[in-house]
Amino acid sequence: MSLPPLRIPDKPALEGLESKWIPLWEASGVYRFDGSRPRADVYSIDTPPPTVSGSLHVGHVFSYTHTDLVARFQRMRGKAVFYPMGWDDNGLPTERRVQNYYGVRCDPSLPYDPSFVPPAKPEKHPISVSRPNFIELCTRLTVEDEKAFEHLWKHLGLSVDWAMTYATISRAAQRVSQRAFLNLARRGLVYQLEAPTLWDVDFRTAVAQAELEDRERPGAYHRIRFALSDGVSGINPAGNGAAVEIETTRPELIPACVALVAHPDDERYRPLFGQEVVTPLFGARVPVKPHALADPQKGSGIAMICTFGDITDVTWWRELGLPVRAVIQPDGTLGRATWGAAGWESVDSVRAQGYYDQLTGLSAAKAQPVIVSQLRESGDLVGEPRPITHVVKFYEKGDRPLEILTSRQWFVRTMDFRDRLLERGRELEWHPSYMQTRFENWTTGLNGDWCISRQRFFGVPFPVWYPLDAEGRVNYERPLWPSDDQLPVDPSTDTPAGYQAGQRGQPDGFVGDPDIMDTWATSSLTPQIACGWLDDPDRFSRTFPMDLRPQAHDIIRTWLFDSVLRSELEHGTLPWRHAAISGWVLDPDRKKMSKSKGNVVTPMALLEEHGSDGVRYWAAKGAPGTDTAFDPNQMKVGRRLAIKVLNASKFALSVAEPRGTVVAPVDRAVLKKLESVVVEATEAFDAYDYARALQRTETFFWRFCDDYLELVKGRRYGEQGTEGAASANATLSASLSVLLRLFAPFLPFVTEEVWSWWQPGSIHVAPWPKPEELRSRGADHERVEQADESAYDWATQVLFEVRKQRSEAKQPLKVPISGVVIRAGRAELDLMPVVEADLRSALRVRAFELVVGEPRNILVQGYEVDEAPGGSRTGDAEPAP
RNA sequence: GGGCGCUUAGCUCAGUUGGUUAGAGCGCGUGCUUCACACGCACGAGGUCACUGGUUCGAGUCCAGUAGCGCCCACCA
């Protein structure tokens, strides 16, 4: 950057600083990562890639600012900051958007059509396209979003190296994702299993434990009678010698019932263990089993086990070795079933089939009232359903309750590594530290391996094919893997080695795995993707393991946990040393701000209204991990601070001469105070407590403006001669230099602007202030001592007292005070000689009269109200020779 | 049911190892065109530090418990 001329605008303003500096920063490359520096000099950041479909909101602005504060601090400390930006364009939100935008549906069985062009307007009936074509459309749409995002981030002043962007759906990311998967497969750390899986019936895909969400839903307890299957009598609580009653919220699953279960110690049901009961309507004989998870307090104390109603059913089914009788289909409806010899066992298969046919094809919600009336009619419903509110599991993006279906899915071995992951969680430095507990809780509470397959389209495909046998059946036991150098592959289009494309789907041919990976299976590899694990080994060695993972607390269980897992499995290390957890932005009702609530303000509008520095100020006040209220008032305060920086700087720099050394005790005192601010701000930043660093700096700065600048004004204009003016000027420039640098991470635009008035280069690569540099400004720093601070403190007390009395007397400042009598102790009065001239000038006091005595008292004697308005005053602008 | 966090002025929040009279900003009130700044300056009013008990010479700060709010987790028939 060329050396700018020392020129201070007459009316400095914030307007236009963003559009002035963003291009200059880009052109000069101040934020470019220096890939030649050794690992010890690098600070690398695993930026959270925002989801590109949709828009950024104030929550993003908030947390991304936090990361930028740390990045800027580290850069000024001399680190080569590796600060890339990723785009998470891989996943369901994008997929949905593309479907609607272009009017297409993905059909992974179709081959790639290179000549496909989407219609200008979406047509009524969606066009089916191949997966590669679909992904092309996703990419095309997300590129637009990414441009808008980048523009906003730049406007906010993120010091990202824009040459280092990545997209989670890019070929490079797919390659990393598939390679990491293959590595795990080779080591047996992923496996495929036909097993009960959490399933969203609208998206028709499996979902992971981490994506679950509880929602309160209305429901009803149905009390239902199960007849005993033989003549055993007198041992059941119903008292009629023939039946047992269960309670269920899901009567539509009765056809899927495979057993009843009660607690082993429950006296009421103990005699039934080993017996069989007959399901109502369908007449299936099912056993009564004991299991410790059955709660005698719940319902009637005996429950029906269905395949599958909830997660407990899965546990019971697995641990009791029960058969599967699945009724719910992937689309959430009850599927066809045959009762009797050829199908499911029933004591009266004609009756069973009759009832079941009425349910076939209905969704679970629609089937429920039908079966209830069937039960009522058959006399198996005891009493009427009792409405309740209960908690039901949902996919966090879904609209209907999750079902549990048996399907073939890929899993990553997680349970085997739980203890080691807990260890890693303790090695990681958490900011704030209590966030580690969330990780511990989650890891401790894991109850299954990680299901990473999704039956969706826009994502990273599993790099696997399967051979077909002579009958065209899939042989899952002998998967066909690509070689590393083939990656990335799309098995729906690419052909495995040893086969011809025409053999796809043919007997003795092959098929591709139709699934894609869970979006977290790829985004858990952002450190590997960003650092160039496969593409740039040199950069990888200089940036990985990374220094910082910034993220929000709601995705500790997903993104953070999964990243730790993947890094542990692939590299045997933590992916980063620090995790900085941001809070949420809350609206004034203390609820998380969300789009659905309609309370989200466009970030760009905020940046334009309050200035980027003003918005950053608000964000910076949100301490790590703390939820923060959305508060435009704070942005206004930030804007005012930025304006103050402009004006105070203009004052400090407007009179450059005479130059000299810091000799005045008051000047030394200010530098000494600033020195301790530097120490505190640095310590706070080192501990990732940017909010504290800002607060210390800001408090000092306002006092500096209100007291010191006022106190020193007359002297620096020459009222007390050259030496005093020189001392003031030296102090002003020294403290301004330090203050600007302390503010630079928070207010990058205004500090850069002021810096450009008088310093070469960008402030953002200037060295972070050190305490020593302030001491060396004085003639001899050993005189920056206790006595100096007390002189300054005393001066501010006198300032305050006299201002107060002037305010109470409602006297304008232009009216001189004829005299002030100060009664105080000897020690305080001894300080007067070094501050009296400054005070006389700042307060417009003609003379001080000093009296030794107690108690301390400062008293204004009178005002020279007769002086003509606007008249001259003594000592005005006569620089000493 | 388990865990974590929070509760300080009307609002948003500081308050670091316990130590005089508890701080800031916003808002409010009063006054002031002051040669860096009216996008400003000065001054003022405003608090039983959620509650109860304990430790201590001394508690906003430490301990125990209670309540409310928020979040995370849980095998919620």
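A, B, ... follow the sequence lines: proteins, then strands. Residue 1 opens every chain. What you see is a predicted model, and the numbers here were worked out from it, not measured in a lab.
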Are A/Ile302 and A/Phe226 packed together at the side-chain level, in the sense that at least one heavy-atom pair is separated by less than 4.5 angstrom? no
Rounded to whole Å, CD of A/Gln634 lies from C1' of B/C26 at a distance of 7 Å
Original post:
Is NZ or CZ of A/Lys673 both nearer than 6.0 Å to the six-membered ring centre of A/Phe704 and within 45° of the ring axis?
Top reply: no
Work out how far the P atom of B/G3 is from that of B/A74, and round it to whole angstrom. 15 Å
Protein-proximity profile, nucleotides 37-44 of chain B, B/S/- by nucleotide at the 4.0 Å heavy-atom cutoff, equals BSBSSBSS
The answer to which of A/Lys810 and A/Thr437 contacts RNA chain B further toward the 5' end, by nearest nucleotide, is A/Thr437
Picking from B/G25, B/A77, B/C72, the nucleotide nearest the side-chain atoms of A/Val637 would be B/G25
_By the 4.0 Å heavy-atom rule, please label A/Lys636 as base, sugar-phosphate, or nothing._
nothing
Using the P atom as the reference point in each nucleotide, state the distance between B/G53 and B/A14 in Å, no decimals. 28 Å
Could you tell me whether the side chain of A/Arg268 reaches within less than 4.5 Å of the side chain of A/Ser300, counting heavy atoms only? no
A/Phe701 atom CZ is separated from B/A24 atom C1', nearest whole Å, by 16 Å
Considering only heavy side-chain atoms of A/Lys814, the closest of B/U33, B/G25, B/C73 is B/U33
Just to be sure I understand the rule, does A/Gly622 reach a base, reach only the sugar-phosphate, or reach nothing, if contact means heavy atoms closer than 4.0 Å? nothing
Check: Does the side chain of A/Phe700 come within less than 4.5 Å of A/Ser676's, by heavy atoms?
Finding: no
| query | Within less than 4.0 Å of OP1 or OP2 of B/C73, is there a side-chain N or O belonging to A/Arg557? | reply | yes
A/Glu252 CD to B/A77 P, in whole Å, measures 13 Å
- Task: Would you indicate, yes or no, if B/A77 has its OP1 or OP2 atom less than 4.0 angstrom from a side-chain nitrogen or oxygen of A/His390?
- Result: yes
**Request:** Applying salt bridge (Lys or Arg N to Asp or Glu O under 4.0 Å), run through A/Asp689 and A/Arg696 and close with a yes or a no.
**Result:** CA-CA 11 Å; A/Asp689 193 351; A/Arg696 291 300 145 119; over 6 Å; no
Winner on side-chain proximity to A/Leu293, out of B/C75, B/C35, B/A74, is B/C75
Q: Starting from the C-alpha separation in whole Å, work towards a yes-or-no answer on salt bridge (Lys or Arg N to Asp or Glu O under 4.0 Å) for A/Arg250 and A/Asp313.
A: CA-CA 12 Å; A/Arg250 300 205 60 187; A/Asp313 279 344; over 6 Å; no
Atom CH2 of A/Trp442 and atom P of B/C73 are separated, to the nearest Å, by 6 Å
Could you measure between the two P atoms, the one in B/C73 and the one in B/C11, and give it in whole Å?
31 Å
Heavy atoms only, 4.0 Å cut-off, all strands: where does A/Thr249 land among base, sugar-phosphate and nothing? sugar-phosphate
When rounded to whole Å, the CH2 to C1' distance for the pair A/Trp584 and B/C71 reads 7 Å
| query | Is any side-chain N or O of A/Lys298 closer than 4.0 Å to OP1 or OP2 of B/C76? | reply | yes
Taking B/C26, B/U12, B/C71 as options, the one with an atom nearest any side-chain atom of A/Asp631 is B/U12
Decide yes or no, distance alone: a donor-acceptor N/O pair under 3.5 angstrom between the base of B/U16 and the side-chain of A/Arg692. yes
Counting heavy atoms not belonging to A/Arg418, are there more than 12 under 6.0 Å from its CZ? yes
Handout entry: Span that lies between the P atom of B/C63 and that of B/G18, in whole angstrom
Key = 11 Å
C1'-based separation of B/U7 from B/A50 [nearest Å]:
6 Å
Quiz item: Just checking A/Ala623: base, sugar-phosphate only, or nothing, at a heavy-atom cut-off of under 4.0 Å?
Solution: nothing
**Asked** Under 4.5 Å between any side-chain heavy atoms of A/Glu247 and A/Lys298, yes or no?
**Response** no
Exactly one of A/Tyr690, A/Trp618, A/Tyr688, A/Phe685 clears ring pair (Phe, Tyr, Trp, His ring centres under 6.0 Å) with A/His66, and that residue is A/Tyr690
Whole-Å distance, A/Leu446 CG to B/C75 C1', equals 15 Å
Distance between the C1' atoms of B/G46 and B/G29, in whole angstroms? 11 Å
Of the listed B/A77, B/C26, B/C13, the closest approach to the A/Ala629 side chain comes from B/C13
For A/Trp559, the side chain to side chain donor-acceptor pair (under 3.5 Å) test, sequence neighbours excluded, returns none
| field | B/U61 versus B/A77 - spacing of their C1' atoms, nearest Å | value | 48 Å
Here the distance between atom P of B/C6 and atom CD1 of A/Ile581, to the nearest Å, is 16 Å
Any stem touching RNA chain B, meaning at least three consecutive Watson-Crick or G-U pairs under 3.5 Å, ordered by first number, would be B:1-7 with B:67-73, B:10-13 with B:23-26, B:28-32 with B:40-44, B:50-54 with B:62-66
In whole angstroms, the gap separating P of B/A77 from CG of A/Asp295 amounts to 10 Å
When all nucleic acid strands are considered with a 4.0 Å heavy-atom cut-off, which category describes A/Thr248: base, sugar-phosphate, or nothing? sugar-phosphate
task = Answer yes or no on whether A/Arg640 is positioned over the face of A/Tyr617, meaning its NZ or CZ is under 6.0 Å from the six-membered ring centre and within 45° of the axis.
result = no
What one should report as the nearest heavy-atom pair of A/Pro251 and A/Ile371 is O-CD1, 3.4 Å
Ranking B/C4, B/C76, B/C75 by distance to the side chain of A/Tyr434, first place goes to B/C4
Check: Can you tell me how far P in B/G60 sits from the matching atom in B/C51, rounded to whole Å?
Finding: 11 Å
